[in-house]
Each structure stands twice: as structure tokens, then as C-alpha cells.
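A short worksheet on the structure shown next.
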Amino acid sequence: MERERMAQTLPSLTALQLSSQNSFHSTALYVQASSVCLRRHHVSRPHNTGCLIVAYQQAYDRRYSNDKASLSLLGHRTMHLCQLNHECLLHLFSFLDKDSRRSFSLTCPQLREVFLDPRLWNVLHFSSPCELRRDNFVLGPFLNHLSICWYSSRVLKVCNIEDWLKSSFQKDICGKHERVVSSFLAHVCHMCPNLLSLTLSGCGHITDQDVISVLQSCRRLQYLQLENCVRITDRILDELVVHGVSLKEVKVDFCRNITQAGLQAVRERRPSLRLSAERSAGMIPDSKPEEEKVPLRGTLQKVLLFS
């Protein structure tokens, strides 16, 4: 279905015959036609595609401004998208989002090879844990920037609650995704050694060990941001001093189990490291109640739940 839909919108393009002096122009023409097709199917951002077309046109005008008359003497022939070289297709794919790249790659084996090229995936952004389960991206050694940001009310109302205070219903909800981010970070440790920046926001189930594993495997990591990750403690601060040899900036915002003492210890041991912790040290940390108070706490919970 996808192949037929794209085939109807990507017809053959009559371009100037390829030669040593006008191959750039014919490539630019087909890039422009392909970009129009992608915009028609809402798989490309128009302003980005427009920049690509303008860049090709300006480069062509500078190169052939004195030789346009000779181009009219050349013959014509048909040129298809797959006749573009691999590097040009990589550049075209870079203007698409993850879903669009996957849909486009299903139309042709050659485009599928471009989709699977690790060089295409140097930046990845995910807005929820469920996106980590999809097959619309590729992990590889060229990944430099990774962010997983989950801005949802579920994070505050369910995931950020202490485990011993969660109801059975809340535990069932968390059980469906609590290991998703941790498992994904384990794959990153094995497949992305050149990671430069990592941002984790709203990941309420990741632990210190998950981030420590990334620090140990990705030795080139320079930027680390942890926001609203309630299970992160001072242990991560101790380990980033040891394993984060390339770290230049660290942010631990709204992490309630980070203490002022832990932040001060990092500043003393790594004075050159830019460290910020908005609200973290001033929040109330988790504290498991004593055993004799557990029945009372459970009774109060039930009263509040059904009141």
C-alpha cells in the first residue's frame, strides 16, 4: 500500500542529461521534486525542505551563472529518485522525522538501506516510553545526542509515588512500562559508545545503576541532564566524578533524593564541572515509614481513596 501511494506521487522527472558539467543541476531538480512529494504527504517540514531547495539552487547559480546557455543544447532523459547516490539520499532523509523515514524506506530496497545506515541516526528524541518500542529508528555508533522526555500527568500522579504508597492499580500501571527505559539504556550502552549528550526527563523508574552503566560505557559523554527522576540519589553524583571523565555539564533538576551534601561533594572534587540542581536539594526525600506505622499509613490511604 505504501509503495503504491508513493509511486503515484514520485513519477519520473525529465531533467537535464547527466554529465560532468550539469550533474549537480539535475540532482538539484530531483531533490526539489522529491521534496515537493514529501511535503504533499506531510512527511517533511516545509521550512526545512525549502532551505534544502534554496541551498541547491544558490549553489547551482553560483557555479553555472556564466554557462546556462550551453545547458539548453543538452538532451533530456528520465531520472528516478533511486538514481541519486547514497550520500544525497542520506541528506534527504535527514529532513524527515522517525515515522516518515520508516514509511519512505518501505517503498524501495535502496531507500531501506539508507534508513538502516547508522550515519542517519546521530540525534534521537523520544517523548514517551512507548516510542522506545517502535521500529522506526536505528541505534548505532553514530548516535551523539539522545533525549527521552516524558511530560505527562501520569508521571506525577503514578510513577513518582513511592512504591510502598502505591495502590495495586497504580502498581499495575507502572508494571507495564517501568523497565522500558532501563532496557533501552542497556542497549545504548552496548551500541552507542560515542554518545555526547543524554537527557532524561520524567523517567521515574530509572535507577542510579542505569545511568552509571551509561557513564561507564559512553566515555565521551559531555552533557548529562536528569530532570524529575525520583529514584536518582547521591550515588550518581559520586559515580559521575569517577566515571564521567569527559563530562562538562551536569543538571539534576527536580530530583528529590539529591541532597545538598552530595552536590557540595561533587563541586569540591570536580570544580571545573558545571553542576546545577534546580529544586533538587530543597525537596522532601523519600523516607520509608517504620514497620509499626505501615498499617496506620495503609488505613489512612484507604480512607482518602474512598472519601
| task | Decide side-chain contact (heavy atoms from CB on, under 4.5 Å) for Q110 and L81; before the verdict, give the C-alpha distance in whole Å, the side-chain angles of both, and the deciding distance to 0.1 Å. | result | CA-CA 10 Å; Q110 183 177 348; L81 178 65; over 6 Å; no

| Distance, nearest 0.5 Å, that separates CZ of R269 from CD of Q264 | 12.5 Å

| Interatomic distance, D210 atom CG to L200 atom CG [nearest 0.5 angstrom] | 9.0 Å

| field | Side-chain donor or acceptor of K166 paired with backbone N/O of D172 under 3.5 Å | value | no

| Over all atoms of both residues, closest heavy-atom pair of L111 and T107 | CD1-OG1, 3.3 Å

| request: Calculate, to the nearest 0.5 Å, the distance between atoms CG and OG belonging to N136 and S105 respectively. | output: 10.0 Å

| note | d(C218 SG, L198 CG) to nearest 0.5 Å is 8.0 Å

| request: Check the pair L226 / K251 against side-chain contact (heavy atoms from CB on, under 4.5 Å), numbers first and verdict last. | output: CA-CA 6 Å; L226 304 173; K251 294 183 178 181; over 6 Å; no

| said: Can you confirm whether more than 12 heavy atoms, excluding those of R279, are under 6.0 Å from its CZ atom? | reply: no

| request: Locate the shortest heavy-atom distance separating C192 from G140; write the atom from each residue and the value. | output: SG-O, 3.5 Å

| query | What about L132 and V138, same hydrophobic cluster or not, with Ile/Leu/Val/Met/Phe/Trp/Tyr joined at side-chain heavy-atom distances under 4.5 Å? | reply | yes

| Heavy-atom closest pair, residues C174 and C159 | SG-CA, 4.1 Å

| said: Rounded at 0.5 Å granularity, tell me how far CZ in R179 sits from CG in L185. | reply: 9.5 Å

| said: When you compare the side chain of L247 with that of R270, does any pair of heavy atoms fall below 4.5 Å? | reply: yes

| Taking it one step at a time, do R231 and N257 satisfy side-chain contact (heavy atoms from CB on, under 4.5 Å)? | CA-CA 7 Å; R231 297 192 180 187; N257 289 306; 5.8 Å; no

| field | Heavy-atom side-chain proximity of R235 to I212 below 4.5 angstrom | value | yes

| field | Any side-chain heavy-atom pair of I148 and C203 under 4.5 Å | value | yes

| field | Donor-acceptor pair, side chain of N144 and main chain of N122, under 3.5 angstrom | value | no

| All pairs passing ring pair (Phe, Tyr, Trp, His ring centres under 6.0 Å) where residues 219-265 contributes a residue, at least two apart | none

| Under 3.5 Å: donor-acceptor pair, side chain of S201, backbone of C149 | no

| Distance flag, aromatic centroids of W150 and H177, threshold under 6.0 Å | yes

| According to the interplanar angle, ranging from 0 to 90°, do the rings of F93 and F104 count as parallel (below 30°), tilted (30 to 60°) or perpendicular (above 60°)? | parallel

| task | For the pair R101 (side chain) and L96 (backbone), establish whether a donor and an acceptor sit closer than 3.5 Å, ignoring hydrogens and angles. | result | yes

| What are the two closest heavy atoms between S182 and H205, and how far apart are they? | OG-O, 4.2 Å

| field | Test log, rule side-chain contact (heavy atoms from CB on, under 4.5 Å), inputs R102 and L106 | value | CA-CA 7 Å; R102 180 183 178 278; L106 297 178; 3.7 Å; yes

| So, does D234 use its side chain to make a donor-acceptor pair with the main chain of T259 at under 3.5 Å? | yes

| query | Same cluster for L224 and V242 if Ile/Leu/Val/Met/Phe/Trp/Tyr side chains link at under 4.5 Å? | reply | no

| Between L120 and F142, is any pair of side-chain heavy atoms under 4.5 Å apart? | no

| Do any N or O atoms from the side chain of S280 and from the backbone of V252 form a donor-acceptor pair under 3.5 angstrom? | yes

| message | Taking the side chain as everything from C-beta on, heavy atoms only, tell me whether W121 gets closer than 4.5 Å to L143. | response | no

| Are any of the side-chain heavy atoms of Q225 and D253 separated by less than 4.5 Å? | yes

| task | Grab the two heavy atoms, one from H145 and one from L195, that are nearest each other, plus how far apart they are. | result | N-CD1, 4.0 Å

| Atom CZ of R119 and atom CG of L90: how far apart are they, to the nearest 0.5 Å? | 5.0 Å

| Below 4.5 Å, heavy atoms only, C-beta onward: do L273 and L240 meet side chain to side chain? | yes

| query | Hey, are the side chains of H190 and L139 touching, using non-hydrogen atoms and a 4.5 Å cut-off? | reply | no

| Same cluster (ILVMFWY, side-chain, under 4.5 Å), L196 and F184 | no

| Are L89 and L116 connected in a single hydrophobic cluster, I mean Ile/Leu/Val/Met/Phe/Trp/Tyr linked by side-chain heavy atoms less than 4.5 Å apart? | yes

| Can you name the nearest heavy-atom pair linking A277 to L263, along with the distance? | CB-CD1, 3.5 Å

| task | Only counting residues at least two apart or in another chain, list the ones meeting salt bridge (Lys or Arg N to Asp or Glu O under 4.0 Å) with R274. | result | E249

